[in-house]
Amino acid sequence: QVQLVESGGGLVQTGGSLRLSCAASGSIVSVSDMGWYRQAPGKQRELVAGITSAGSTNYADSVKGRFTISRDNAKNTVFLQMSSLKPEDTAVYYCNARILTTTAGWFNDYWGQGAQVTVSS
């Protein structure tokens with residue numbers, strides 16, 4: 001019905017950069033808020049950054065000034081540009097989108113499959 005496909009994870013050294021992408025496809029009528037979450041081993045999943053359909057953004061304090069979230073509404077795609085990466089940024093990163101489909105009468109949350117980001121010291 002709806003798929004969120006992530007790309008762009010990998011291994012990078014401290015101070016390096018990575019860009020994550022997440023494209024939503026399927027029976028989509030409208031996409032509302034989109035965001036990125038991460039989960040490190042032994043820790044709870046946490047919000048990294050969010051963006052509304054109008055482009056308003058919010059960030060976790062730990063990534064402010066280093067990460068930038070953006071989106072392409074025409075392509076139902078959200079991006080996360082990560083710079084000045086630190087070892088503590090190592091986690092599986094998940095994209096999330098609130099989507100209205102042709103079969104549902106309300107917005108539901110959908111998740112990507114996860115992308116591993118590993119920052120070596």
Side-chain angles (χ1 to χ4, degrees):
Q1 188 178 11
V2 172
Q3 277 190 316
L4 270 62
V5 179
E6 301 180 28
S7 60
L11 173 64
V12 66
Q13 291 186 330
T14 296
S17 298
L18 281 175
R19 189 186 195 219
L20 301 178
S21 300
C22 173
S25 62
S27 305
I28 296 172
V29 173
S30 178
V31 181
S32 179
D33 297 345
M34 304 183 83
W36 290 94
Y37 290 72
R38 67 186 180 187
Q39 187 167 20
K43 295 188 177 182
Q44 288 188 331
R45 189 174 296 189
E46 62 175 358
L47 175 66
V48 176
I51 184 167
T52 68
S53 57
S56 297
T57 60
N58 63 284
Y59 297 92
D61 288 342
S62 59
V63 307
K64 282 181 181 176
R66 300 188 298 120
F67 291 11
T68 301
I69 188 170
S70 60
R71 64 190 284 173
D72 182 335
N73 289 333
K75 297 182 179 179
N76 293 326
T77 300
V78 63
F79 307 96
L80 186 68
Q81 178 67 47
M82 303 180 290
S83 302
S84 301
L85 283 160
K86 305 175 182 179
E88 50 264 44
D89 294 317
T90 295
V92 178
Y93 284 70
Y94 298 90
C95 67
N96 169 268
R98 189 154 292 179
I99 298 174
L100 178 67
T101 64
T102 56
T103 56
W106 51 85
F107 285 85
N108 285 308
D109 280 327
Y110 294 87
W111 292 90
Q113 80 279 12
Q116 178 68 48
V117 171
T118 303
V119 184
S120 64
S121 56

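Counting heavy atoms from C-beta on, the side chains of Tyr94 and Cys22 never come closer than 4.5 Å. Residues Leu85 and Phe67 meet the side-chain proximity criterion, which asks for heavy atoms closer than 4.5 Å. Taking 4.5 Å as the limit, every side-chain heavy atom of Met34 sits out of range of all side-chain heavy atoms of Cys95. The shortest distance between side-chain heavy atoms of Tyr59 and Thr68 falls below 4.5 Å. Within the 4.5 Å cutoff, no side-chain heavy atoms of Asn73 are placed close to those of Val31. When side chains are defined from C-beta on, Pro87 counts as touching Thr14, because their heavy atoms get closer than 4.5 Å. Residues Leu47 and Asn58 meet the side-chain proximity criterion, which asks for heavy atoms closer than 4.5 Å.
The OG atom of Ser121 sits 10.0 Å away from atom CD of Glu88, with the distance rounded to the nearest 0.5 Å. Interatomic distance, Tyr110 OH to Asn96 CG, rounded to the nearest 0.5 Å: 11.5 Å. Distance check: Gln81 CD to Leu18 CG gives 8.5 Å after rounding to the nearest 0.5 Å.
Counting all heavy atoms, side chain and backbone alike, Met82 lies closest to Val117 at CE-CG2, 3.9 Å. Across all their heavy atoms, Ser84 and Ser17 have their closest contact at N-OG, 4.4 Å. Scanning both residues, Ile69 and Gly35, for their nearest heavy atoms gives CD1-CA, 4.1 Å.
Val119 and Val92 are not part of a single hydrophobic cluster, where members link through side-chain heavy atoms under 4.5 Å apart. Cluster membership check: Leu20 does not share its hydrophobic cluster with Phe79, using side-chain heavy-atom separations under 4.5 Å among Ile, Leu, Val, Met, Phe, Trp and Tyr. Residues Ile51 and Ile28 share a single hydrophobic cluster, defined by chaining ILVMFWY side chains whose heavy atoms lie under 4.5 Å apart. Residue Leu80 is grouped with residue Val12 when hydrophobic side chains (ILVMFWY) are merged at heavy-atom distances under 4.5 angstrom, including chains of intermediate members. By the criterion of side-chain heavy atoms lying less than 4.5 angstrom apart, applied directly or through intervening Ile, Leu, Val, Met, Phe, Trp or Tyr residues, Leu4 is grouped together with Trp36 in one hydrophobic cluster.
Checked against ring pair (Phe, Tyr, Trp, His ring centres under 6.0 Å), Tyr37 has the following partners two or more places apart in sequence or in another chain: Trp111.
Using a 4.0 Å cut-off between charged side-chain N and carboxylate O, Lys86 and Asp89 make no salt bridge.
The local environment of CD in Gln13 is sparse, with at most 12 non-hydrogen atoms from other residues, nucleotides or ligands closer than 6.0 Å.
Listed for the Arg71 side chain is a donor-acceptor partner under 3.5 Å among the backbone atoms of Thr52.
Exactly one of Glu6, Gln116, Gln39, Arg38 qualifies for a side-chain hydrogen bond (donor to acceptor under 3.5 Å, both in side chains) with Tyr93. That residue is Arg38. With Gln1 as reference, Thr103 is the one residue of Thr102, Asn108, Thr103 to meet the side-chain hydrogen bond (donor to acceptor under 3.5 Å, both in side chains) rule.
Listed by first and then second residue, the salt bridge (charged side-chain N to carboxylate O under 4.0 Å, His left out) pairs involving residues 100-109 are Arg98-Asp109 (not counting sequence neighbours).
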